[in-house]
Peer 1: 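Quick one: this structure, given as structure tokens, is what I'll be asking you about.
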Amino acid sequence: MTASGRGVVALASKLARSLAGLIVIVLLGGFAAAALVRYSPGFDVDENAWNTKGGSSAAEASRVRRAQENELLPFYWRYLKAAVKGDFGESESYRVPVAELLQDRAPVTGRLAAWGVAGGILMAALCGWLAVWPRVPVLELVVSGWVALLLAVPPAVLALAFFFREAPIQVAVALAILPRVFGTIRAILRDAHESPALLAARSRGLGTGVLAWRYVLVPMAPRIMALAGVAAMVAFGALVPIEALCDVPGIGQLAWKAALSRDLPLLSALTLIVTFVVASIQAAGELMTPETIHSKEVAE
Amino acid sequence: MIWRRMALIFLVLVGLSAVLAPKVAPYSYSEQFRDSPNAPPGGKFLLGTDDMGRDRFSRLLYATAVSVTLAPAAAALSVLLALVVCAFHGRVLSGLTTIGMSIPWMFLFIILRAELPLNTAPEVSVVLTFALMGVAGWAGPARVLSGSIREMMEAGWMLHARSAGIARWRIAAVYAWPHLRSVAAAQFRALAPAYVLAEASLGLLGLGVAEPVPSWGNLLRDLQHPDMVRENPALLAPLVLLMLCLLALEAFSVRESVQ
Amino acid sequence: MKAIACLVLFASLSGAASQQELRFALHSDPKTFDPLHVEDAASEAVRYVTAGVLVRVNRATDQVLPELAESWKIIEGGRAVAFHLRAGLKFSDGTPLTSADVARTVERALDPKENSPAGDSLRTGQAVPEVKVAGPLDITIRYAAPKPGIDRLFDGIGIGPTGNAKLPATAGPYFVAEFHPGTFLLLKRNPNYWKHDPAGHQLPYIDAIRIDIQQNRDIELTRFLRGELHLIPKIDPDSFDRVAKEKPGWGKSAGASLDSEFLWFNLAPAKSIPEWKKKWFQSTAFRHAVSQAIHREDIVALDYKGHAHPAAGPISTANKSWFNPELKPLAANPARAAKLLAGDGFQLRDGVLRDRDGHVVEFSLITNAGHRPREKAAALIQNDLKKVGIQVNIVTLDMGSLLERIRKSLDYEAALLGLNLEADPMELMNIWLSSGPEHSWWPSEKTPATPWEARIDALMMEQASSTSMAVRKKAVAEFQRIAVAEEPMIFLVNPDFLAAVSPVVKGLQLSVAPPQVLWNVEWLKLE
Amino acid sequence: MSSGSSLSSADELLKYRLNARYGATPVLREVEGRLAAGEIAALVGLSGSGKSTLALALQRLLHYRGGRVDGSIVLEGTELMGLSESAMRSIRGRRIGYVPQSPGTALNPKLRVRTLIDETWSAHARGRMDDAARQTLLERVQLPGTGAFLDQRAGELSTGQGQRLLIALAILHGPALLIADEPTSALDAITQAAVLRLFAELNRELGTAILFISHDLLSVASIAHRVDILHEGSVVESGPPGRIFGEPVHPFTRDLVDAMPKRP
């Protein structure tokens, strides 16, 4: 077998393994979530049962409907079987197919998160650059103070403030992400700054643009990618309260409502998706750091 | 250096006022002066009163006692758990953290609240809430720590320590810990304020610190009314205090990183 | 159009439309547009402005007025009602509306498989009326026994077309043209609505209604103040004061509403409550003492900023037709509370109340988390009761957990909640009949536990089965007297009904009966 | 090829026959070797020939680098391949000492010299190591035994000092076998010579057998009793340095010898 052929086979088997791992994790995560929801109090009472019009027969109907989901394992099995066919069931609180809800809302959250992640990382990089490069302790403290301030303000409050000032919420999301990735970015920049390769390149008199690209961005790409993954998770975490409070019709708001109304099908779908996203980011990170590195190191 | 000293003095002051809250606070946190609701700052009430006539300054002091002790304790618990979980490194862990980061932990708080007897003293339920927060938050730091552990596993000195036949736990405690410490400290610094804020949002669901016990979280909830802030800037006091504490902590870490 | 980020949405909103569009917000998605399956407030709001009904109760005068039915007669001593429909009625999609549609609607509402809440109001217990179509415009509904308010019932039955379209055609002033869950819904005027103004102009005046789904009330308020929304159908006291300050005259108060806030003790034989506590809760003197110790005026002043009235009993003082005027709101009297407690064997020592057997008197009070007025009321009550030596633990729970406790597990000691009610005491049946599922202090009791509960059951049945207004009023007044004398539920305040309306909306009349704001939507104009 | 297996003589210390691979890539193929007590054997090969892999495989540490090993390793009459990890741990550092290539990576930069020595000590001994013993140990490798030196962090040492410290740590428990993996490659010529002398001295005074792994034929010539040539994962030639240099048999060995710098 040729070396490249072997490489392809190795990569394929690695891909297959991480895919299998991914599926197992997603299934377990979904099950854990379903179990938590199922056994949380208030599951088989309708949140609207208080103060609704008359309707004892309607309440009875809702109880019966929920009773069908009483058995966790059969529910999950049925749910997965349907989910494979793309049917995530019908939301309890919206009375709309979950797939439809997700389709409507995913772009909203996706766009917010994308802007937030990109903006947050860029701003964090700028702050990190200010904290690392000029080597002025006061500047470093000022930047740290600014980051601490951002860390102290709840993302939702930040978003509300932007909202009331009619400023774009994307910026608020970015500002919420900034302090949470700042530490890592600073470390990356410091490592890059202190790397011998950069010094050597400087000694060759390379331009700043080339330095930034070849000796900072490219070598740090895997770490930056991993960071983007972390930032994406931070973004989704922050987006739940932001969307819920600012009434942005996205996935985060959906999750909030689903939790409050113990909407099992919707929550299961959301957990499956979130687990999938998180696990994919993880798997991608693992695939990017090839194992072959050690074998070479040792063999030399 | 001067920053560091100032930060230290500030943190000690905050810590002291928290510990001594019952002695220092002019009033109890739940005492209602019903004749003077929403009083402006000054005079009898240093920071004014809230809409039930409770002294904001006293409430802030007690809240500081709650948040300044419990949020860091919860953060420490998370990091500690993360370290314990990281002892079992490898694929299983990465799957576990993924699940840990994706499942809706909120329900665990709902379950806790439901299982807790209703007559549980508010103090106990506050402590338990933060403890649960600490337990539920293990996945984030675990992921970061496992990343640096994986890096360490590749390090030459790790192999060398093994070749010297040093026991696994000694390697972990003596060789690895100095490296992990700064990572763990950074995680701790990020989590502590996050938990102060998380408690605030849990409070919205009735899963946080309940009336009438104050916490930074539930005092911060007032910030959702931007106009109230405009009328009474004293509402910003908890935010300013939280920020200053974070800054003081940061002043230490700047110094640490320079080292 | 897919869901849009709210910012984009607002930007598009601020552009002036050539068509008249009334804009306001609801706090959650309507769960259904089927008028027979309405349970939640949002669906109810939409149902009211879309579904065509046979008769309409004028919310200002309480008169029953013709709507789809041109005329009707109550016959056979109140056992039956015969409706005569208007000629040429059409649904919004142009299909004609005849007595067959009415019959199908009523039968569907009564079908046990449908589980229709609207149907529950048509039934008397398990008894189902008979529906008879006497011609394309005539229909009779007949009960076995006299049914009080037999005509008014049909104010709540929206006549629907055949089929089960997601956005069904309607016979009311508007129909739902678009629905984007979590974002907004657009109602358009029903081109076939029968009603015309005296000048012959077809109603409604306003072309469309845009209802945004807006959970956050602060945002709703800000948008209202910016002029993006025309009205806030229900506003909390804090926001009301802000509106009043920034836009004098835009805040509208209808005075005390029909709603009430109350607390009650768990009187069910729950295992979780120790015997001695059950003894306190079951003691009328203890309940009176708690009630006497509470400063209702402080709840009104501090919690509701003056926008509430102390409650006098189970029926709001605002309910002119049914409130028993002999009842007066209880003024706080800690001294009398202490006397009542002493008389019941409780002893106050060093600020701590103990019962006969030396148990410290303390109980937990649950209320729903995130409801600021209730959380605050609980804190005020906690302080009031501390003055008489009673220790209260406030526990705020999310609605799901709370309902689990008060309806299913019965694992709680006392609860603080509120109810939005309508005027007619028929509404109270679920709560006050001892077998009622919402019988707060002991849901679905098998048999009345006390003589006074039996008496209340009897009075409730009496008012529910008589067609004589005088008899009903007497029974309801007596029920209120007993409810206050025994105080199984301690009524605190009746919050005022507050709304905010931009002056561009003309013709709006606030009523205390729901829907308080948009009940005459077809007559509203925008300027 | 190495000689066929004969009965193990009384002074035979180590005998191994190994295969090693990373994933699907084989690195060592049936590599065989033996070492008598007190012998210095050199293993010479190019970069990538599997030298470090062999060093780790002999200590059964290769799985920490993602490799897999099978075959047999007999040390002092004990088969190591079947031992549990904890049994293996009691052999590492006590019976086998290991001197890795670069002190820069092999010493934990955050730890003090004292900590490194004490930890290595307490891995196989009870009680605390006394100051005198520490001093003796450091002097043996020509390092200052002062308190100031003990309090230095490993990250602050020079490469030469670091390499000496690594040797000190390796011989701390008086192992029967020392595996040195390119211990001089990071050093300047003078230090290199000093370290080589140190190895020879240790061998003479303590009777420690040394497996000296290197890519530099010349440096091993001065101390080795025997040289094995490793090429593409197998030992292709074995013999005393004199013969290897004088009459290399295998073509690879010939290339290796020809490439050696000649005195002008």
Side-chain angles (χ1 to χ4, degrees), chain B residues 27-39 49-54 59 106-126 128-129 200-214 218 221-231, chain C residues 216-219 221-222 225 237-239 242 245-246 266 272-274 277 295 297-299 301-305 362-380 382-384 386 391-402 404-405 409 411-415:
Chain B
Y27 311 103
S28 144
Y29 60 79
S30 61
E31 192 173 352
Q32 298 167 351
F33 297 90
R34 296 190 181 177
D35 319 332
S36 37
N38 289 318
T49 60
D50 67 7
D51 46 10
M52 276 183 281
R54 298 180 295 201
R59 284 179 71 72
M106 200 188 90
F107 288 96
L108 212 59
F109 289 89
I110 294 179
I111 293 172
L112 171 80
R113 187 60 268 194
E115 294 306 319
L116 223 53
L118 292 175
N119 274 318
T120 310
E123 295 79 18
V124 176
S125 100
V126 169
L128 285 176
T129 301
S201 28
L202 278 179
L204 281 175
L205 287 173
L207 303 170
V209 176
E211 284 278 359
V213 181
N218 61 31
R221 263 162 74 184
D222 286 340
L223 289 179
Q224 275 179 30
H225 264 291
D227 291 275
M228 286 177 72
V229 178
R230 212 173 302 145
E231 281 159 30
Chain C
N216 186 317
R217 297 178 192 216
D218 291 328
I219 295 180
L221 177 61
T222 307
L225 292 173
D238 282 325
S239 308
R242 250 189 82 198
K245 210 170 87 188
E246 287 189 29
N266 182 0
S272 54
I273 310 176
K277 283 196 181 182
H295 286 76
E297 326 77 67
D298 285 353
I299 298 180
L302 297 179
D303 193 357
Y304 289 90
K305 306 286 184 296
E362 58 169 342
F363 62 85
S364 59
L365 178 64
I366 59 176
T367 189
N368 60 323
H371 193 294
R372 292 291 269 162
R374 280 184 201 143
E375 288 177 7
K376 284 193 233 165
L380 291 170
Q382 185 184 41
N383 264 32
D384 284 338
K386 203 173 174 186
Q391 173 73 36
V392 179
N393 262 327
I394 300 172
V395 179
T396 56
L397 298 170
D398 75 294
M399 208 52 181
S401 312
L402 186 94
E404 165 107 15
R405 282 181 187 272
S409 68
D411 175 13
Y412 72 100
E413 292 174 352

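All chains are named by letter (A, B, ...) in the order of the sequence lines, taking the proteins before the strands, and each is independently numbered beginning at 1.
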Peer 1: Holding to side-chain hydrogen bond (donor to acceptor under 3.5 Å, both in side chains), I want the full list of residues that pass it with C:Tyr304, two or more places apart in sequence or in another chain.
Peer 2: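 Partners of C:Tyr304 under the side-chain hydrogen bond (donor to acceptor under 3.5 Å, both in side chains) test: none.
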Peer 1: I'd like to check the ring pair (Phe, Tyr, Trp, His ring centres under 6.0 Å) partners of B:Phe107; sequence neighbours left out, ordered by chain and number.
Peer 2: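 Here no residue qualifies.
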Peer 1: Which answer fits C:Gln391, side chain, backbone, both or neither, if we ask what part of it has an atom under 4.5 Å from a heavy atom of chain B?
Peer 2: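 Answer is neither: C:Gln391 stays 4.5 Å or more from chain B.
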Peer 1: Between C:Phe363 and chain B, with a heavy-atom cut-off of 4.5 Å, which part of the residue counts as in contact: side chain, backbone, both or neither?
Peer 2: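 C:Phe363 touches chain B through backbone heavy atoms alone.
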Peer 1: Contact part of C:Leu365 toward chain B, heavy-atom cut-off under 4.5 Å: side chain, backbone, both or neither?
Peer 2: neither
Peer 1: If we only count heavy atoms from C-beta on, is the B:Asn119 to C:Glu413 side-chain gap below 4.5 Å?
Peer 2: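 Touching, per the 4.5 Å side-chain cut-off.
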Peer 1: Does some side-chain heavy atom of C:Lys376 sit less than 4.5 Å from a side-chain heavy atom of B:Asp50?
Peer 2: no
Peer 1: Which heavy-atom pair separates B:Gln32 from C:Ala379 by the least distance, and what is that distance?
Peer 2: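 Shortest heavy-atom contact: NE2-O, 3.1 Å.
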Peer 1: Find the one option among B:Val213, B:Asp51, B:Thr120 whose heavy-atom pairs under 4.5 Å with chain C are most numerous.
Peer 2: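 Greatest number of close heavy-atom pairs with chain C: B:Asp51.
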Peer 1: Can you see which heavy atom on B:Leu118 is nearest to which on C:Val395, and at what distance?
Peer 2: O-CG2, 3.5 Å
Peer 1: Should we say atom NZ of C:Lys305 is surrounded by more than 12 heavy atoms from elsewhere, each under 6.0 Å from it?
Peer 2: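 Yes, NZ of C:Lys305 has more than 12 neighbouring heavy atoms, counting only those of other groups under 6.0 Å.
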Peer 1: Are B:Arg34 and C:Asn383 packed together at the side-chain level, in the sense that at least one heavy-atom pair is separated by less than 4.5 angstrom?
Peer 2: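 Yes, close enough: below the 4.5 Å cut-off.
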